[in-house]
Amino acid sequence: MKPKLKVRDLTLRDGQQSSFATRMTQQQIDRVLPFYKDAGFYAMEVWGGAVPDSVMRYLNENPWNRLEKIKAAVGDASKLTALSRGRNLFGYNPYPDSVIDGFCREAIDSGLGIMRIFDALNDINNIKSTIKSVKKYGGIADCAVCYTIDPHFSTAERLKAQLKGKKLPHKIFTNEYFLNKAKQMEELGADMITIKDMSGLIPPSRVAALIKLFKKHLSIPIDFHTHCTPGYGLASVLSSIVNGVDIVDTNIWYFAGGPAAPAIELIYVFCQKMGIDLDLDMEAIEKINGELIYIRKELEAYDVVKQFPNKFSPLRDQLPKHIEQQFDAAIKAAREDHEEALIKACHAIEDYFGFPKPDELVKKAEIPGGMYTNMVAQLKQLKSEFILERAMELIPRVRLDAGLPPLVTPTSQIVGVQAVNCALDEKNGKPKYSNVSNQFRNLVKGEYGETPVPIDPEFRLKIAGMREETPYDTSSYEMQPNPVLEDCGGVKLAENEKEQLLLELFPIVAKDYLTKYKKEAYQKAHADTEEKGQNAASDTKQTDKITGHVICSPMPGRIYQFLVKPGDMLKEGENVLVLEAMKMENNITTPYSGKVKQVLVNLGDFVTEETPMLEIE
């Protein structure tokens, strides 16, 4: 009997998130679902990650509807998978068990089969609640160990630290570190373990060692997830297969490679040669791919690669002899654990088919590709692209100061934004950490959980105002307000648990989406042009003539929360509002003492740099 390998398809979630900014509409997804029903994938990742946020923020669609429609179309042919950030769920803040339980219950009720659960700190305590809830409602708990590497410090940096009486850490993220995390997850009830390499930084020999170690010490299936950005992806997936992995994550041809996972078509060729049964209907997968090429063209504005692979059908196209030899050479090298030869052969294969070449900058920086592009985007908004190199240099130091968290959402974003802030501080002649986001402050405080390396108490005092680690306190959690919309017939903003859960995880985005949805529904039922005009006019901020001091936005962002109101007396340096920029919450302080005369922007408004926000007299 042939050995079997299961495949999890990432195309409709991680694939489109990695390459097309999560902009696939429901209409586009509907076009491929009939073929997915016949494809035979063990699982399809379709939800979680950035999907719930993006479909509301950019597509004006309901995330719950997306999950339910995919389930209705695919049925039980493949298990539907979502990616969850443990206690952070799909957001950037920790949530109490009641919110976690509600989301798991509603997700499984809407068709979810597998919840892939990870924690950005690899803190096992942060995934306990999700495991419990997923299993309680009949779902499969797929627990992910986040792969990361130790930061590189030069000899000069180590000597400098020693002179200051500090010792920089050496090896933290060893194979034993990852195995211990996986064993703890299995003890908590994990149904499977994923080695989650979100940065694509794991080389084939390291994959081989980890798979062997996990298979020896764990009794549950092992999945391997990686990306192709730095150039290891295809070689590392092949190495995992050769060494006995149970499940691999792939994308379909036109959504594969580059910042995404390897193509299933290439894995199919390898498995055919090795006598491994994938139990897939490649004819159905070809039909999906035939539609994906048009969808990718429709998503051109969001295509981060803009390089289509050459057309290829593993069922109909014969490989030229020299490429056939590269496939054979790759398999031989993987079996012999000859890493250099394996990578060379896989690069030759990818080059022949026209997949993007390895991103040497991301490989050298040793950070996720998404983290790098976010930093570039932030600096472009601030018109400070010239400090990118310095911000990249600061990442290892900022990461160590924050307890050496793995660089995965949300910690990759938190560390990346803070490195940019520190570079800006230097540029403006200020001490580093003069400007910190609320999320960085909470990370250092201890609200995200236990970091791999203890944080210096003096640094915690400087950033968070306390020396002792202070975990997240669920008793202090307050549910998001759920007002009555008087201009929509008196309905609540969130009329059911699913809508309330969206408000909890995405306060601004969900409020905007739900308000618009309720207004459109009401206006459709009560078509009244005059009322529409009045409603539209009421959204415009009316302001008086400005005569006092004005507090302007220091960066582009969205008004997240007001901390003061007209009439309040302020002292210089007090926090006045929270600005969401690059998904980080930033406290904005007043440089003036006085009384708040007027608020010049609305909650949820997007503001550019130097936009007037408050007037102080």
Side-chain angles (χ1 to χ4, degrees), residues 49-50 53 83-95 118-123 126 146 148-149 151 196 198-199 365-379 381-382 388 390-425 432-456 459-460 462-465 469-472 505-508 555-558 560-561 578-588:
D53 181 312
L83 180 69
S84 162
R85 301 167 190 157
R87 187 163 287 285
N88 303 108
L89 286 173
F90 309 139
Y92 278 72
N93 299 308
Y95 293 96
F118 76 93
D119 176 65
L121 299 179
N122 279 329
D123 184 349
N126 283 341
C146 292
T148 190
I149 57 179
K196 179 177 167 58
M198 54 281 168
S199 306
E366 299 182 331
I367 62 173
M371 177 181 176
Y372 173 75
T373 55
N374 281 334
M375 290 174 68
V376 172
Q378 185 187 21
L379 288 169
Q381 284 185 333
L382 298 171
L388 176 62
R390 178 55 181 157
M392 297 280 280
E393 290 173 356
L394 286 169
I395 287 172
R397 184 72 250 180
V398 171
R399 186 183 174 203
L400 181 57
D401 288 342
L404 216 57
L407 295 179
V408 60
T409 306
T411 51
S412 58
Q413 182 78 343
I414 294 171
V415 169
V417 169
Q418 191 56 53
V420 167
N421 286 344
C422 287
L424 288 170
D425 288 338
K432 286 197 293 288
Y433 298 110
S434 294
N435 180 26
V436 298
S437 71
N438 289 349
Q439 279 80 2
F440 187 79
R441 185 176 292 108
N442 291 340
L443 174 62
V444 171
K445 183 180 177 182
E447 289 197 358
Y448 281 90
E450 185 178 345
T451 53
V453 169
I455 293 172
D456 183 347
F459 182 74
R460 183 179 287 119
K462 174 183 175 180
I463 299 299
E469 182 178 310
T470 307
Y472 173 71
L505 266 69
F506 316 102
I508 292 179
M555 64 187 77
R558 190 181 292 270
Y560 183 81
Q561 182 183 7
V578 180
L579 183 71
E580 182 193 50
M582 297 299 291
K583 296 187 179 180
M584 296 293 103
E585 296 167 18
N586 299 274
N587 285 335
I588 305 301

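FYI, the numbering just counts along the sequence from 1. Atom set for the values below is all heavy atoms of this structure, side chains included, hydrogens, waters and symmetry mates excluded.
Inter-residue side-chain proximity for Pro452 and Asn122 is flagged as unmet; no heavy-atom pair is nearer than 4.5 Å. Proximity of Asn442 to Ile414: side-chain heavy atoms (C-beta onward) are nowhere separated by under 4.5 Å. Side-chain contact check for Pro405 versus Tyr448: every heavy-atom pair is 4.5 Å or farther apart. Between Asn435 and Leu424, every side-chain heavy-atom pair lies at or beyond the 4.5 Å cut-off.
Counting only distance, with no hydrogens or angles, the side chain of Asp123 and the backbone of Glu450 share a donor-acceptor pair below 3.5 Å. For Arg460 (side chain) and Val444 (main-chain N/O), a donor-acceptor pair under 3.5 Å exists by modelled atom type. Looking only at distances, no side-chain donor or acceptor of Asn126 sits under 3.5 Å from a matching main-chain atom of Arg87. Between the side chain of Thr411 and the backbone N or O of Pro406 there is at least one donor-acceptor pair closer than 3.5 Å. The backbone N or O of Ser434 sits less than 3.5 Å from a side-chain atom of Asp425, completing a donor-acceptor pair. Although no hydrogens or angles enter the test, the distance criterion places no donor-acceptor pair under 3.5 Å between the side chain of Gln561 and the main chain of Leu579.
For the residue pair Ala402 and Leu443, the shortest heavy atom distance occurs at CB-CD2, 3.9 Å. Taking all atoms of both residues into account, the shortest heavy-atom contact from Pro94 to Tyr472 is O-OH, 3.3 Å. Pairing each heavy atom of Arg390 with each of Ala423, the nearest pair is CG-CB, 4.2 Å. Considering all non-hydrogen atoms of both residues, Ala419 and Ala391 come closest at CB-O, 3.5 Å.
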Chi angles and distances behind the side chain to side chain contact (heavy atoms under 4.5 Å, CB included) call for Val415, Leu407: CA-CA 8 Å; Val415 169; Leu407 295 179; 4.1 Å; yes
Side chain to side chain contact (heavy atoms under 4.5 Å, CB included) for Leu394 and Lys432? Distances and angles first, verdict last. CA-CA 10 Å; Leu394 286 169; Lys432 286 197 293 288; 3.9 Å; yes
May I have the step-by-step check of side chain to side chain contact (heavy atoms under 4.5 Å, CB included) for Asp401 and Arg397, ending in yes or no? CA-CA 6 Å; Asp401 288 342; Arg397 184 72 250 180; 3.1 Å; yes
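Atom CG in Leu121 sits 10.5 Å away from atom CG in Leu404 (nearest 0.5 Å). Here Met392 contributes atom CE and Leu388 contributes atom CG; the two are 6.0 Å apart, rounded to the nearest 0.5 Å. Of the inter-residue distances, the one linking Leu83 atom CG with Leu89 atom CG reads 11.0 Å to the nearest 0.5 angstrom. With rounding to the nearest 0.5 Å, the separation of CZ in Arg399 from CD in Gln418 is 15.5 Å.
The number of heavy-atom neighbours closer than 6.0 Å to NZ of Lys462, taken from other residues, nucleotides and ligands shown, is above 12.
Aromatic ring centroids of Tyr433 and Phe440 lie under 6.0 Å apart.
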